[in-house]
Amino acid sequence: MKTILVDPDRCMQCCNCQNACKDEHCDNDWSPIALPQGRHQFWIQVREQEVGQGTRMKLNRVPVLCQQCADAPCMKVAGEAMYRREEGYVLIDPAKAKGLKKLVDACPYGVIYYNDELDMPQKCTMCAHLLDMGWDRPRCVAACPADALSYVDVDELTWDNMYAPLERLNPEFGTNPQVAYVNLPKPFIAGAVYDPKGDRCLEGVKVKATHMVTGKSWKTRSDNYGEFRLRRLDPGYYTVAFDLCGYSYKEISKVDARRCPDLEDIQLYPKAE
Ligand code: SF4
Ligand code: SF4
């Protein structure tokens, strides 16, 4: 199945995709695929989430659109007002969807909007009207200057031609989403290490986080400002260890990575002579 592959790591939030979607769908009637997109709708939207704290906080950006779910809960409440095309795309039939406000709440991804003027729900169509006209990709993909969006055949993606493992957005929703992602944001643990006796930042400290359930570990070293960031962690609790030759070993346990914690300034003391 051809689908959109999203790489949030490459997204620079230029919003070209959002604007291209509006240019394609606002004021344009693409019946029978879709009627003109209503105001205040984002059929693709770069969603922001602040994670971490203080100066070590990070802004995650994830482009989100209809996930073209194989087990689509929207279809279960829509009856004949939604259908699946031959290639697998899930569409709202504008001729049958009048008044179906309940569809908005049926989607756990929050990508169905209600058009009050037309009195009907609306969402991304994968630009099926363009694909039917011979386009090789939807407008948002064509507009992305950073290759954060691509239109791919997921069955052709293998370890040989992919640079990161394929993921799905919120698989816990249980809808079997068909839009693919790589490099989705993951938890991190950040902080800095210093020597309070010598009043200096400590560079080159080995920092190791070990997952308290799975035992899987992540390693890094502090930079010349003593700063460290353990990236792309699995969710869960960790023991974080700090080790530098000539200094006392230190461990902090029960660090909850889901909050992307800032461990702030970690003190390491020189070993006694
Ligand atoms: Fe339906 Fe929402 Fe899945 Fe799209 S993302 S198919 S609207 S449940
Ligand atoms: Fe991100 Fe590409 Fe959309 Fe720009 S066009 S906001 S880089 S996904």
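Counting starts at 1 for both ligands and their atoms, following the listed order. Computed from a predicted model, the values in this text were never measured in an experiment.
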* Asked: By number and element, which atoms of ligand 1 are closer than 4.0 Å to a non-hydrogen atom of P73?
  -> 8 (S)
* Quiz item: cation-pi between K101 and Y114, 6.0 Å / 45° -> yes
* Stacked cation flag K22 on F42, 6.0 angstrom / 45 deg -> yes
* Does the shortest distance from atom 1 (Fe) of ligand 1 to an N/O/S atom of C66 fall below 2.8 Å? -> no
* Same cluster (ILVMFWY, side-chain, under 4.5 Å), L35 and L130 -> no
* Asked: Relative to ligand 2, is C140 under 4.0 angstrom through side chain, backbone, both or neither, heavy atoms considered?
  -> neither
* Nearest to atom 3 (Fe) of ligand 1, what protein heavy atom do you find, and at what distance? -> C69 SG, 2.3 Å
* Decide, counting backbone as well as side-chain atoms, whether C144 has an N, O or S atom less than 2.8 Å from atom 1 (Fe) of ligand 2. => no
* atom 2 (Fe) of ligand 1: the protein heavy-atom neighbour that sits closest, reported with distance to 0.1 Å -> C107 SG, 2.3 Å
* **Of D147, V154, D153, L166, the residue whose pairing with L5 passes side chain to side chain contact (heavy atoms under 4.5 Å, CB included)** => L166
* ligand 1 contact by I112, heavy-atom criterion under 4.0 angstrom -> yes
* Can you check whether C69 reaches Y109 side chain to side chain, under 4.5 Å on heavy atoms? -> yes
* Asked: Any side-chain heavy atom of Q67 sitting closer than 4.5 Å to one from Y181?
  -> yes
* Asked: What's the shortest distance from atom 1 (Fe) of ligand 1 to any protein heavy atom, and which residue and atom give it?
  -> C74 SG, 2.3 Å
* Please determine, by modelled atom types, if Y238 and D256 share a side-chain donor-acceptor pair under 3.5 angstrom. => no
* Asked: Any idea which part of M75 is under 4.0 Å from ligand 1, heavy-atom wise: side chain, backbone, both or neither?
  -> neither
* Give the residue, atom name and distance (to 0.1 Å) of the protein heavy atom nearest atom 5 (S) of ligand 1. => Q67 N, 3.1 Å
* Taking only heavy atoms of Y109 into account, list the atoms of ligand 1 that are under 4.0 Å away from them. => 5 (S)
* Answer yes or no: does atom NZ of K58 have more than 12 heavy-atom neighbours from other residues, nucleotides or ligands under 6.0 Å? => yes
